[in-house]
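These notes are about the structure you will find just below.
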Amino acid sequence: MWTASNGVENDLKLPLILKQTMVRANAMIVVKAIGLVGKVFMTRLVGAEGMGLYQLAYSFYSLILMIISGGLPTALGMFTAKHTVRGWRLFKVFAIFLILTGLASSILTFWLSKPIANLLGYPQLDFVIRCLSPAILTVPLLSLLRGYLQGLERYTAIALSEIIEQTARIGTLMWLVPLFIQSGIEFAVGGAVLGTFSGALLSFAVLTAFFMYNRPSVALSPPSSRADLPLVVQASFAIALTRLLIPASDFMDAIIIPQRLQVAGVSSKEAAEMFGIVTGIALVVAYMPTLITGSLTHTLTMKITADWQNKEYSLFNKKSHTALQVAWVWGLASGFFIFEYASEISLFVFGIQSAEIPIKSLAMIPLLVGLREITTSILWAQNRKKTPFIGLGTGVLINFIILYSLVSIPGLGYAGMSLGIIMLELIATAWNFKALHPFQRTKSRTAIVLLMDILVFEAILIVGTLCSKALSSLGWPETVHMIAEILHYCFWCAMYLKVRLKSVFEE
């Protein structure tokens, strides 16, 4: 890929990665918590149907964003990590490109909102699509600036900008949805998506001010190489091919699922509700724990890329193995929690009891997504970007087949959607691991340790249930039993995670 410069990357140690990961993780916890508050608030106001319309519109928005920006932010960040000054010059070139492309896409989206809504199968989405169009201009620019700052390792600034963006977005949502709900659900959803623009605009303004104040000096810099632009663009396309699959799959799901549900005899309104329950509630819960592995991936990619290019294979392997074990242990802990307490989450948090089965059926997602993200980062660092693309593409194809085949069968709507999602992640993860066969050493010892992790979390759940039943003899309210059981599980999981991960890092 790019020639590694003689910088501090050679001196990076694992504790530095952990510190940067925790900065990122703490910010993502705050961001996700604020986002969850917004989701709960909106769900209780507009119901499952409103969440379905919201997710349908966002599937189109996410696809357009990925088409516009592709892998430019990540590719620019990886290049800037080694060539700071030349990265700044490329940032200016890409910023002009995104301004022109984003402006044209935003105007076209506004003008073509009716055909887009009809394509999604819900003409009432016309107003929602129009409300999303301004964000198509601002969000790609914000992502590019964050990518550049990631290359400079300004993780704190990036984290603060994400918190500001989410706060403004949810604040706008909580202000506009109650105002617009009187005019209809589609207008309330349109008010909710306007928060995407306001949050991105405010975050971009704050991050730009920070950057201008702390911009690296470029006065005496060497000229850029002519090969820089095509090199970064090529890397961007390679990254975008992999990342484009998920939003493309989500967009296709948004078209296929409601149509196939209606083939099964479900009304248009009920189809939107079922789609909203799975994508707007169950998937939100299932993906919430992945913020830990996502933050680890965010900081890990730059580090192991430098290690690989500097031929520091021992350090590369150590960081990669550690990240995989973190993803495994954390995925198990969060997955067991989601499976056990799906009923409480659906009823007491979202107020929709019918979300219990979809939430429970997606309990494997934190584990699978965490492992997929880490293994994808490892393969990218080795400049093997085609491998994750093929695995993810295969998973998307299987997901499409399952959705088309099962969702149209009466009574299998939820099961078909959940199975398609799980198979997509499972196939993509398995494909990545197959490509990383050099990491599959010490299989017997590793298998024993992984089995022990499963047994420990099972034991924690069993003991928690027994303690809850013992408390029931005291005549306490059922809510108290539930809270005590959850706190018991969280406490012992935290203790085990502390011991387990401490031993991992000591190795």
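Counting from 1, the numbers follow the sequence of the chain as shown.
- Here the CD1 atom belonging to Ile359 is positioned 8.5 Å from the CG atom belonging to Leu362, to the nearest 0.5 angstrom.
- Checking Thr376 against Asn432 by side-chain atom types alone, a donor-acceptor pair falls below 3.5 Å.
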Identify each donor-acceptor pair in which a side-chain atom of residues 189-198 lies under 3.5 Å from a protein atom, sequence neighbours left out, and give them as a table.
residue : atom : partner : partner atom : Å
Thr196  : OG1  : Tyr58   : OH           : 2.2
Thr196  : OG1  : Val193  : O            : 3.2
Ser198  : OG   : Thr172  : OG1          : 2.8
Ser198  : OG   : Gly195  : O            : 3.1

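- Put simply, OG1 on Thr387 and CD1 on Ile378 are 12.5 Å apart, with the number rounded to the nearest 0.5 Å.
- Not a single salt bridge (charged side-chain N to carboxylate O under 4.0 Å, His left out) links Glu186 to another residue, sequence neighbours left out.
- Distance alone, capped at 3.5 Å, is enough to place a donor-acceptor pair between the Ser377 side chain and the Glu373 backbone.
- Tyr148 and Trp88 have tilted rings, their planes meeting at an angle from 30° to 60° on a 0 to 90° scale.
- Residue pairs meeting the side chain to side chain donor-acceptor pair (under 3.5 Å) criterion with at least one partner in residues 199-210, sequence neighbours excluded, are Arg146-Ser203.
- With a 4.5 Å cut-off on side-chain heavy atoms, Leu120 and Phe251 count as touching.
- Here Phe457 and Phe337 keep their ring centres 6.0 angstrom or further from each other.
- Not counting sequence neighbours, the partners of Asp126 by the salt bridge (charged side-chain N to carboxylate O under 4.0 Å, His left out) test are Arg130.
- Listed by first and then second residue, the side chain to side chain donor-acceptor pair (under 3.5 Å) pairs that reach into residues 94-103 come to none, sequence neighbours excluded.
- For Leu141, the side-chain contact (heavy atoms from CB on, under 4.5 Å) partners two or more places apart in sequence, or in a different chain, are Ala95, Leu98, Ile99, Phe204.
- Listed by chain and residue number, Ile256, Phe400 satisfy the side-chain contact (heavy atoms from CB on, under 4.5 Å) test with Met252 (two or more places apart in sequence, or in another chain).
- For the atom pair CZ of Phe60 and CD1 of Ile116, the computed distance is 3.5 Å after rounding to the nearest 0.5 Å.
- Considering only heavy atoms from C-beta on, Leu436 stays 4.5 Å or farther from Trp431 through its side chain.
- Using a 4.5 Å heavy-atom cutoff, the side chains of Thr138 and Ser106 are not in contact.
- To the nearest 0.5 Å, the span separating OG on Ser143 from CE on Met66 amounts to 8.5 Å.
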**Report entry** Intermediate values then yes/no, side chain to side chain contact (heavy atoms under 4.5 Å, CB included), Phe97 and Lys92
**Finding:** CA-CA 9 Å; Phe97 168 77; Lys92 292 187 290 185; over 6 Å; no
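- Between Trp328 and Leu332 the shortest side-chain heavy-atom distance falls below 4.5 Å.
- With hydrogens and angles ignored, the 3.5 Å screen pairs a side-chain donor or acceptor of Ser161 with a backbone N or O of Ile158.
- In this structure, the side chains of Ile170 and Gln166 come closer than 4.5 Å at one or more pairs of heavy atoms.
- Under the rule for a salt bridge (charged side-chain N to carboxylate O under 4.0 Å, His left out), the partners of Arg372 that lie at least two apart in sequence or sit in another chain are Glu425.
- The shortest heavy-atom contact between Ala135 and Leu65 is O-CD2, 4.4 Å.
- Residues meeting the side-chain contact (heavy atoms from CB on, under 4.5 Å) test with Ala248, sequence neighbours left out: Leu63.
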Query - Residue pair Phe350, Leu36: steps toward the side chain to side chain contact (heavy atoms under 4.5 Å, CB included) verdict - result: CA-CA 10 Å; Phe350 292 95; Leu36 181 60; 3.8 Å; yes
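- The CE atom of Met364 sits 9.0 Å away from atom OG1 of Thr429, with the distance rounded to the nearest 0.5 Å.
- Smallest separation of non-hydrogen atoms from Ala435 and Leu379: CB-CD2, 4.2 Å.
- Shortest non-hydrogen contact noted between Phe110 and Ser133 is CD1-OG, 3.7 Å.
- Distance alone, capped at 3.5 Å, places no donor-acceptor pair between the Thr80 side chain and the Gly151 backbone.
- Leu137 and Gly102 make their closest contact through CD1-C, 3.9 Å (heavy atoms, listed as atom of the first residue, atom of the second, distance).
- Considering every non-hydrogen atom in both Leu424 and Ser249, the closest pair reads CD1-OG, 3.8 Å.
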Report task. Start with the C-alpha distance between Phe210 and Val206, add both sets of side-chain angles, then the distance that settles side chain to side chain contact (heavy atoms under 4.5 Å, CB included), and finish with yes or no. Result -> CA-CA 6 Å; Phe210 167 84; Val206 172; 5.7 Å; no
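- A donor-acceptor pair is defined here as one N or O able to donate and one able to accept, closer than 3.5 Å; no such pair exists between the side chain of Ser334 and the backbone of Pro366.
- Listed by chain and number, the residues in a ring-ring contact (aromatic ring centres under 6.0 Å, His included) with Phe127 are Phe187 (sequence neighbours excluded).
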Requested in this report: Please test Met51 against Lys39 for side chain to side chain contact (heavy atoms under 4.5 Å, CB included), starting from the C-alpha separation and ending with a verdict.
Outcome: CA-CA 9 Å; Met51 286 305 302; Lys39 286 279 188 180; 3.7 Å; yes
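- A 4.5 Å side-chain heavy-atom check between Asn399 and Asp253 finds at least one atom pair inside the cut-off.
- Formation of a donor-acceptor pair under 3.5 Å by the Arg169 side chain with backbone atoms of Gly38 is not found in this model.
- In this structure Phe275 satisfies the ring-ring contact (aromatic ring centres under 6.0 Å, His included) test with no other residue, sequence neighbours excluded.
- Of all non-hydrogen atoms in Ile421 and Ile365, the two that sit nearest each other are CG2-CD1, 3.7 Å.
- Under the 4.5 Å side-chain criterion, counting only non-hydrogen atoms from C-beta, Leu125 is in contact with Leu56.
- Partners of Ile163 according to the side-chain contact (heavy atoms from CB on, under 4.5 Å) rule, which considers only residues two or more places apart in sequence or in another chain, are Ala27, Val30, Val31, Thr167.
- Considering CD of Glu162 and CG of Leu142, their distance stands at 8.5 Å, rounded to 0.5 Å.
- Counting heavy atoms from C-beta on, the side chains of Ile164 and Leu207 never come closer than 4.5 Å.
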